[in-house]
Visitor: 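The following block contains the structure, expressed as structure tokens.
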2 protein chains.
Amino acid sequence: MPCNIARIRVSGYEGGDQGNHGTPMQHLYAMPGHLIRRAHQISGALFAEELDGFDLTSVQFGALYAIRAHPGVDATRLSSLIAFDRSTLGGVIERLEAKGWIRRDPAPGDRRAKRLHLTAEGEKLLRDVEEPVRRVQERLLAPLPPGDRATFLRLLAQLTQLHAGTPGMDDCPE
Amino acid sequence: MPCNIARIRVSGYEGGDQGNHGTPMQHLYAMPGHLIRRAHQISGALFAEELDGFDLTSVQFGALYAIRAHPGVDATRLSSLIAFDRSTLGGVIERLEAKGWIRRDPAPGDRRAKRLHLTAEGEKLLRDVEEPVRRVQERLLAPLPPGDRATFLRLLAQLTQLHAGTPGMDDCPE
DNA sequence: TGCTTATTGACCGCATACGGTCTTTTCAAC
DNA sequence: GTTGAAAAGACCGTATGCGGTCAATAAGCA
């Protein structure tokens with residue numbers, strides 16, 4: 001019974017004692033940060049529900065998907081492609097390899113790097129989960145009026161893309 | 001030098017070997033799930049950057065903020081108010097208490113529950129971080145054209161709220 | 001009143017997420 | 001040609017995130 005939202009029954013907000021705490025700060029429910037966290041949470045829940053039985057997380061799917069599109073990438077470049085922390089990706093790759101979905105071959109000409117490839121099982125898995133994953137994306141946007149879905153996606157893409165160049169996010173050596 | 005995006009240098013997508021993998025599935029970068037994950041990641045990075053030195057995570061802030069608005073809540077109700085998993089919240093509360101920002105008092109009339117309250121230090125902390133937190137929310141939306149920010153927020157709020165009642169998300173005992 | 005069920009908090013286990021360090025290896029500059 | 005910076009992978013430590021179980025307690029019901 002996939003229902004991992006079960007434990008997250010969000011109570012409607014009835015105001016609480018919002019009163020005298022000095023400055024009347026913005027409400028939590030109106031903060032973009034909180035809303036984005038919720039959306040991320042819902043996204044994960046929908047993924048887990050649609051992909052029940054595949055033993056595949058959304059993070060693992062993203063990695064597999066990118067490896068298929070970039071056969072032979074090394075872990076560092078992959079982490080940059082899909083915006084995973086390098087340390088995090090290490091564990092993800094380890095689990096993907098343990099499940100037999102990817103191979104890690106030594107890179108010819110560079111004894112540091114290991115090149116990532118899908119196995120036949122990995123290819124099959126990606127084909128099998130294609131439909132469920134598509135449903136996740138559909139259901140995620142389903143609550144929005146059809147006419148607003150493209151707008152939402154456009155703004156979301158704009159927000160994430162433009163933050164890559166925000167001062168303060170970029171004061172790191174290229 | 002807070003720059004926790006440093007390790008997440010997202011490479012522009014140049015197409016890779018997107019070619020013959022059977023069905024031409026949607027691109028990862030166009031999937032709402034991926035974009036929401038990125039937005040969440042950016043949100044966390046901005047929070048960490050603006051709140052550098054406060055030893056406070058965005059999750060901990062959310063909990064503190066909600067406890068201030070609902071003095072005396074128990075952990076279970078709090079988790080429902082801010083949509084944290086009950087297990088996760090346990091650790092968060094533990095850390096907040098260890099840092100002296102909240103108290104856990106036994107609930108009169110119920111020997112199971114413990115009621116949560118801010119300490120004076122917790123109150124002060126919340127006042128001190130108010131401005132940085134406000135900046136996080138501003139910077140998060142800054143890449144969007146001013147006229148689109150309200151639209152984005154509205155759609156995001158609509159998406160998260162309406163998902164609470166989605167069939168499949170709700171097939172759990174009330 | 002006694003039994004069944006629900007609620008609360010405390011754990012455990014696994015999977016991210018991210019900052020930091022270390023070793024090995026490469027490469028470029030001197 | 002050696003040396004120092006840069007790159008790649010392997011770890012470690014802490015904080016979430018979430019599913020599951022368990023014991024103590026409370027509440028509803030026969």
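Each chain gets a letter, A, B and so on, in the order the sequences are listed, and its residues count up from 1.
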Visitor: State the NE2-CZ distance between B:H40 and A:R38, to the nearest 0.5 angstrom.
Guide: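 The NE2 atom of B:H40 sits 11.5 Å away from the CZ atom of A:R38.
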Visitor: Test of understanding: with side-chain hydrogen bond (donor to acceptor under 3.5 Å, both in side chains), list the residues that count as partners of B:T76, not counting sequence neighbours.
Guide: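 Testing B:T76 for side-chain hydrogen bond (donor to acceptor under 3.5 Å, both in side chains), a comparison that skips the adjacent residues, returns B:R86.
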Visitor: Whole angstrom is fine here: how far is it from CG in B:L51 over to P in D:dA15?
Guide: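 So the two atoms are 15 Å apart, to the nearest Å.
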Visitor: How many whole angstroms separate atom CG of A:L81 from atom P of D:dA8?
Guide: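 Rounded to the whole Å, the gap is 12 Å.
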Visitor: Any side-chain N or O of B:R86 under 4.0 Å from OP1/OP2 of C:dC11?
Guide: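 Checking B:R86 against C:dC11: no side-chain N or O falls below 4.0 Å of OP1 or OP2.
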Visitor: Checking B:Q137 now: which residues fulfil side-chain hydrogen bond (donor to acceptor under 3.5 Å, both in side chains) with it, not counting sequence neighbours?
Guide: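 Scan of B:Q137 (side-chain hydrogen bond (donor to acceptor under 3.5 Å, both in side chains), adjacent residues dropped) gives none.
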Visitor: Quick one: list whatever passes side-chain hydrogen bond (donor to acceptor under 3.5 Å, both in side chains) with A:E97, sequence neighbours left out.
Guide: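 Scan of A:E97 (side-chain hydrogen bond (donor to acceptor under 3.5 Å, both in side chains), adjacent residues dropped) gives A:R104.
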Visitor: What is the separation between atom CG on B:L89 and atom P on C:dC11, rounded to the nearest whole Å?
Guide: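 After rounding, the gap between these two atoms is 15 Å.
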Visitor: Take the protein atom CG of B:L78 and the nucleotide atom P of D:dT16, then report the distance between them rounded to whole Å.
Guide: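 Rounding to the nearest Å, CG of B:L78 and P of D:dT16 are 13 Å apart.
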Visitor: Can you name the side-chain hydrogen bond (donor to acceptor under 3.5 Å, both in side chains) partners of B:S80, sequence neighbours left out?
Guide: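 Scan of B:S80 (side-chain hydrogen bond (donor to acceptor under 3.5 Å, both in side chains), adjacent residues dropped) gives A:S11.
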Visitor: Starting from P on D:dA8, measure out to CD on A:E94 and report it in whole angstrom.
Guide: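 Between P of D:dA8 and CD of A:E94: 20 Å.
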Visitor: Rounded to whole angstroms, how far apart are CZ on A:R38 and P on D:dG17?
Guide: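 Checked: the CZ to P distance equals 12 Å.
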Visitor: Holding to salt bridge (Lys or Arg N to Asp or Glu O under 4.0 Å), I want the full list of residues that pass it with A:R103, two or more places apart in sequence or in another chain.
Guide: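 Salt bridge (Lys or Arg N to Asp or Glu O under 4.0 Å) list for A:R103, sorted by chain: A:D105.
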Visitor: Return the nearest nucleotide to the side chain of B:H40; candidates are C:dA10, D:dG17, D:dG9.
Guide: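 It is D:dG17.
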Visitor: Taking CG from B:D85 and P from C:dC11, how many angstroms apart are they, rounded to a whole number?
Guide: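 Spelled out: CG on B:D85 to P on C:dC11 is 16 Å.
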Visitor: Each nucleotide N or O in nucleotides 13-16 of chain C that has a protein N or O under 3.5 Å away: list the pair and distance.
Guide:
| unit_1 | atom_1 | unit_2 | atom_2 | d |
| --- | --- | --- | --- | --- |
| C:dT16 | OP1 | A:T57 | OG1 | 2.6 |
| C:dT16 | OP2 | A:Q60 | NE2 | 2.8 |
| C:dT16 | OP2 | A:R95 | NE | 2.8 |
| C:dT16 | OP2 | A:R95 | NH2 | 3.2 |
| C:dT16 | O5' | A:R95 | NH2 | 3.4 |

Visitor: Should the pair B:F61 and B:F47 be assigned to parallel (<30°), tilted (30 to 60°) or perpendicular (>60°) ring geometry?
Guide: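 Rings of B:F61 and B:F47: tilted, as their planes differ by 30° to 60°.
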Visitor: Could you state the CG-P distance from A:D74 to D:dA7, rounded to the nearest angstrom?
Guide: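 The answer, rounded to whole Å, is 12 Å.
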Visitor: Taking N or O atoms only and anything under 3.5 Å, show me the protein contacts with nucleotides 27-29 of chain C, one pair per line.
Guide:
none

Visitor: Touch check for A:R104, heavy atoms < 4.0 angstrom, all strands: base, sugar-phosphate only, or nothing?
Guide: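 Sugar-phosphate contact only - A:R104 comes under 4.0 Å of backbone atoms but never of a base.
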Visitor: Going by salt bridge (Lys or Arg N to Asp or Glu O under 4.0 Å), name the residues that satisfy it together with A:K99, two or more places apart in sequence or in a different chain.
Guide: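 With sequence neighbours excluded, A:K99 shows a salt bridge (Lys or Arg N to Asp or Glu O under 4.0 Å) to A:D55, given in chain and number order.
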Visitor: Check the phosphate of D:dA26 against B:R111, side-chain N and O only, distance under 4.0 Å to OP1 or OP2. Yes or no?
Guide: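 Result: yes.
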Visitor: I want to check one thing: is the phosphate of D:dC18, taken as OP1 and OP2, less than 4.0 Å away from some side-chain N or O of A:Q41?
Guide: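 Looking at the OP1 and OP2 atoms of D:dC18, one of them is under 4.0 Å from a side-chain N or O of A:Q41.
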Visitor: For residues 141-160 of chain A, pull every pair meeting side-chain hydrogen bond (donor to acceptor under 3.5 Å, both in side chains), keeping only residues two or more places apart or in separate chains.
Guide: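 Those involving residues 141-160 of chain A do not exist here.
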